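Working notes, beginning with the structure itself.
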Amino acid sequence: MSTVAAERAAKKAAKPATMAQALGRALRDSLAEDPTVHVLGEDVGVLGGVFRVTDGLTKEFGEDRCTDTPLAEAGILGTAVGMAMYGLRPVVEMQFDAFAYPAFEQLISHVARMRNRTQGAMPLPITVRVPYGGGIGGVEHHSDSSEAYYMATPGLHVVTPATVADAYGLLRASIASDDPVVFLEPKRLYWSKADWNPDAPQAVEPIGRAVVRRTGRSATLLTYGPSVPVCMEAAEAAVAEGWDLEVVDLRSLVPFDDETVAASVRRTGRAVVVHESNGFGGPGGEIAARVTERCFHHLEAPVLRVAGFDIPYPPPMLERHHLPGVDRILDAVARLQWEAGS
Amino acid sequence: MTVMEQRGVYRPTPPPAWQLRTDPAPLLPDAEPYRVLGTEAAGKADEELLGRLYAQLVRGRRYNTQATALTKQGRLAVYPSSTGQEACEVAAALVLQDRDWLFPSYRDTLAAVARGLDPVQALTLLRGDWHTGYDPREHRIAPLCTPLATQLPHAVGLAHAARLKGDDVVALAMVGDGGTSEGDFHEALNFAAVWRAPVVFLVQNNGFAISVPLDKQTAAPSLAHKAVGYGMPGRLVDGNDAAAVHEVLSEAVSRAREGGGPTLVEAVTYRMEAHTNADDATRYRGDAEVEAWRDHDPILLLERELTERGLLDEDRTRAVRYDAEAMAADLRERMNRDPDLDPMDLFGHVYAEQTSQLREQAAQLRAELEASAEEGAEGAGGADGEESGR
């Protein structure tokens, strides 16, 4: 069968799948392919995880490969370090963003720097899966966007998918990586659906490549994870206002794809960074600085940020006011000095 | 049966039925630290082993005094001495097989050296030329761990991984009395017990966490008693009695190797020196207390035993001291050489593949280094030029 024909057949076999299913399939395929891969976390066994991402793994691979641990995040990640030291490839599940904080010391003092402190002798191929972000009506401590903490720690990769296909591809790539990866799963996209063929998933791209989700000429929206669909919606709505917006899905915060981002902003001359995380000290500041450093002479307006407010994550009945939505994004686009520029 | 299945299955019992899941009695430590030297048990001790322990203790003490001297000469950034604790350090190294793993804290460089690691490599962290000066996998010695007790879950995970792979490997993890207050101590012991991981936890209770004495650290009957809460045996041993520490640790290692699960060993000892050379112990403890421990010195205790049994003559003592001096002289000589450092190594091992950002930063540093090298060369050349011009 020719490549074109094979591709057509694969597309035909694609059925609606959720991001959670694609993530589960990525874990399953990694476990099947590599006997050193082990999944561990709270409730990942019989229950299949609170989001059911690990559903069926213990049944298929046994309790030694997909293990319910005691309820202790530092212990989970700390034992994963030891397992990786012995040549295993642990995939750790943190149940919720804010429940990953007890594991911070292990992550920062050991996971992130073991390769460096041993001069390359002992890299730790650990993937830490963290469901993150809000918009699911979660009560306190269930909706944090904690990516800035991870980004600020050298030695970690920080990856976050926004589509079903990327969820599969990026998780496979993260597990295969010889570096530790904090894999941030946007909770509110767990049940997002797309046509996807689990038996012929798209080729896995290397970690660290951003992708242009929508091409446009007026301005670039730089975003990732849960804010990607919001930006796509904003871009569609912007057409009525006469703006043709480009949307860049960063996919990986570390390593950061300066090349794709700068190329896009040089084309459009305007940029807005969009994320749920708090604005102050958040990823947007770093991204805006990088864009300004690289694209200053192409910019028609200052790089703006649309971010969560600088407040502790709000209670569920008020979270819609906190989360960047289409209107707030369009308001920012409107402030990109259109009169002065064009 | 999988490793995880061997744990058995717990089902909550409906009320009112209730029973203890484990009988705590056999897990309890003795009321007094276990001793061998100077007791009847010494008669059963292996003479060859006692001789080996003695040679290693003398060597270990010399290593401690040499390393402390190196701090005074500015050759080490800092040295947390294990003087007075050599029996624990040496026994921990000697009870392990080659394939077993040691998880030391920053005070345990001697254990690594007693295991055969080159002292210069062991001291890399404290000299400051890199963080870990050896390949942990080559020596089965984890990097010296500074954040307290955080290496304990690593030991559990490694031992668990070895068991999953069907390898006959035991991990021995070292921690101090202060470290037992850390959350990672709790989590590591709990995971180890639940998973029946082949781990031995050695707590050296040396009386102080820098300046804070044990009674401000814990209200437990003893640190060894903490084991019972996790469902593992706790053993209390005189940490200055090398034969006793060796025996207790050997039993714990065998138990772990045979699938019996983890053991918590509390070795009661005393930190004869300050926390590090940067610490002033006179602010928190008196001389009388320190002096009292001098009579219970680990080398003294073993020397007494060996002398009484006629196992130590002048020739043997001289040979042991000579060996220790030779080690110290070699260490001194090599530590007095400046390490060969390449600043570009800073970017070498952050990731498997350098990110574009790190490549940019590496280029920046390289340019800075080249500029300062050129400046140096020009400066020298310029002076020459001026001279020849006159």
Side-chain angles (χ1 to χ4, degrees), chain A residues 35-36 38 40 45 58 62-88 90 102 105-106 108-110 112-123 125 154-157 177-180 206 208 254-259 290, chain B residues 2-5 7 101 103 125 130-138 142-143 145-147 149-165 167 169 171 182-184 186-188 190-195 197 199 345-346 348-358 360:
Chain A
T36 67
H38 286 252
L40 53 160
T58 295
E63 227 192 318
D64 285 354
R65 299 287 304 285
C66 181
T67 306
D68 274 332
T69 64
L71 203 163
E73 292 78 10
I76 296 169
L77 191 53
T79 48
V81 169
M83 291 167 77
M85 286 169 79
Y86 203 73
L88 299 185
E105 185 177 25
Q106 286 293 337
I108 288 157
S109 293
H110 293 295
R113 64 182 84 188
M114 192 66 89
R115 175 190 288 277
N116 183 255
R117 58 201 278 242
T118 60
Q119 292 182 287
M122 204 159 62
L156 299 176
H157 287 317
S177 168
D178 286 335
D179 284 318
V254 184
F256 189 81
D257 187 351
D258 281 312
E259 205 181 322
R290 303 192 76 80
Chain B
T2 68
V3 169
M4 298 313 297
E5 281 162 3
R7 291 170 304 140
W101 274 72
F103 285 78
L125 169 78
W130 202 260
H131 309 302
T132 301
Y134 51 92
D135 180 345
R137 288 204 173 107
E138 183 191 341
C145 191
T146 309
T150 58
Q151 80 279 24
L152 305 184
H154 305 172
V156 178
L158 183 134
H160 178 62
R163 197 151 156 260
L164 288 171
K165 282 189 169 183
D167 294 348
V169 168
E182 292 280 3
D184 277 12
H186 160 69
E187 297 190 21
N190 189 47
F191 272 66
V194 172
W195 287 353
V199 189
D345 286 347
L346 291 174
H349 302 289
V350 185
Y351 297 101
E353 197 185 319
Q354 262 180 24
T355 61
S356 63
Q357 291 77 24
L358 286 183
E360 281 172 22

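Note that this is a predicted model, so its numbers are computed, not measured. Chain naming here is simple, since letters A, B, ... match the order of the sequence lines and numbering starts at 1 in each.
- For Arg290(A), the side-chain hydrogen bond (donor to acceptor under 3.5 Å, both in side chains) test picks out Asp258(A), Glu286(A), with sequence neighbours left out.
- Under the 3.5 Å distance criterion, the side-chain polar atoms of Trp130(B) are left unmatched by any main-chain donor or acceptor of Thr118(A).
- Note that CG of Leu164(B) and OH of Tyr86(A) are 10.5 Å apart. Values are rounded to the nearest 0.5 Å.
- A donor-acceptor pair is defined here as one N or O able to donate and one able to accept, closer than 3.5 Å; no such pair exists between the side chain of Gln357(B) and the backbone of Pro255(A).
- Among Arg65(A), Glu63(A), Arg115(A), the residue making the largest number of heavy-atom pairs under 4.5 Å with chain B is Arg115(A).
- Between atom NE2 of residue His157(A) and atom OG1 of residue Thr355(B) there is a gap of 8.0 Å, rounded to the nearest 0.5 Å.
- With a threshold of 4.5 angstrom between heavy atoms, Leu346(B) approaches chain A through N, CA, C or O but not through any side-chain atom.
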Item to complete: Go through the steps to decide whether Thr69(A) and Trp195(B) satisfy the test side chain to side chain contact (heavy atoms under 4.5 Å, CB included), and finish with yes or no.
Response: CA-CA 9 Å; Thr69(A) 64; Trp195(B) 287 353; 4.0 Å; yes

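- The candidate from Leu77(A), Asp68(A), Val254(A), Ile76(A) with the greatest count of non-hydrogen atom pairs under 4.5 Å with chain B is Ile76(A).
- Of the listed residues (Ala112(A), Gly120(A), Pro90(A), Gly82(A)), the one with the most heavy-atom contacts under 4.5 Å to chain B is Gly82(A).
- Ranking Glu353(B), Glu187(B), His131(B) against chain A, the residue ahead of the rest is Glu187(B), based on heavy-atom pairs under 4.5 Å.
- Checking side-chain atoms of Thr79(A) against main-chain N and O of Val156(B) turns up no donor-acceptor pair under 3.5 Å.
- Of the listed residues (Ala72(A), Ser177(A), Ala121(A)), the greatest number of heavy-atom pairs within a distance under 4.5 Å of chain B belongs to Ala72(A).
- Contact of Ser356(B) with chain A is made through the side chain alone, with heavy-atom distances under 4.5 Å.
- Considering every non-hydrogen atom in both Arg137(B) and Gly87(A), the closest pair reads NH2-N, 4.3 Å.
- Annotation: maximal heavy-atom pairing with chain B below 4.5 Å, among Asp178(A), Asp257(A), Leu88(A), Leu156(A), occurs at Leu156(A).
- Shown here are the side-chain hydrogen bond (donor to acceptor under 3.5 Å, both in side chains) partners of Tyr134(B), two or more places apart in sequence or in another chain: there are none.
- Heavy-atom distances place both the backbone and the side chain of Ala142(B) under 4.5 Å from chain A.
- If you measure heavy-atom distances from Glu360(B) to chain A, the contacts under 4.5 Å come from the side chain alone.
- The candidate with the highest count of non-hydrogen atom pairs below 4.5 Å against chain A, out of Leu125(B), Val350(B), Thr150(B), is Thr150(B).
- Here Met83(A) contributes atom CE and His160(B) contributes atom NE2; the two are 5.0 Å apart, rounded to the nearest 0.5 Å.
- Looking only at atom types and distance, the side chain of Gln151(B) has no donor-acceptor partner in the side chain of His110(A) under 3.5 Å away.
- Between the Asp179(A) side chain and the Tyr351(B) main chain, no donor and acceptor come within less than 3.5 Å of each other.
- Looking at Ala188(B), neither its backbone nor its side chain comes within 4.5 Å of chain A, counting heavy atoms on both sides.
- With a threshold of 4.5 angstrom between heavy atoms, Ala155(B) does not approach chain A through any atom at all.
- Taking both residues in full, the closest heavy atoms of Cys145(B) and Arg117(A) are given as CA-NH2, 4.4 Å, listed atom of the first, atom of the second, then distance.
- Distance CG/Asp184(B) to CD/Gln106(A): 5.0 Å, rounded to 0.5 Å.
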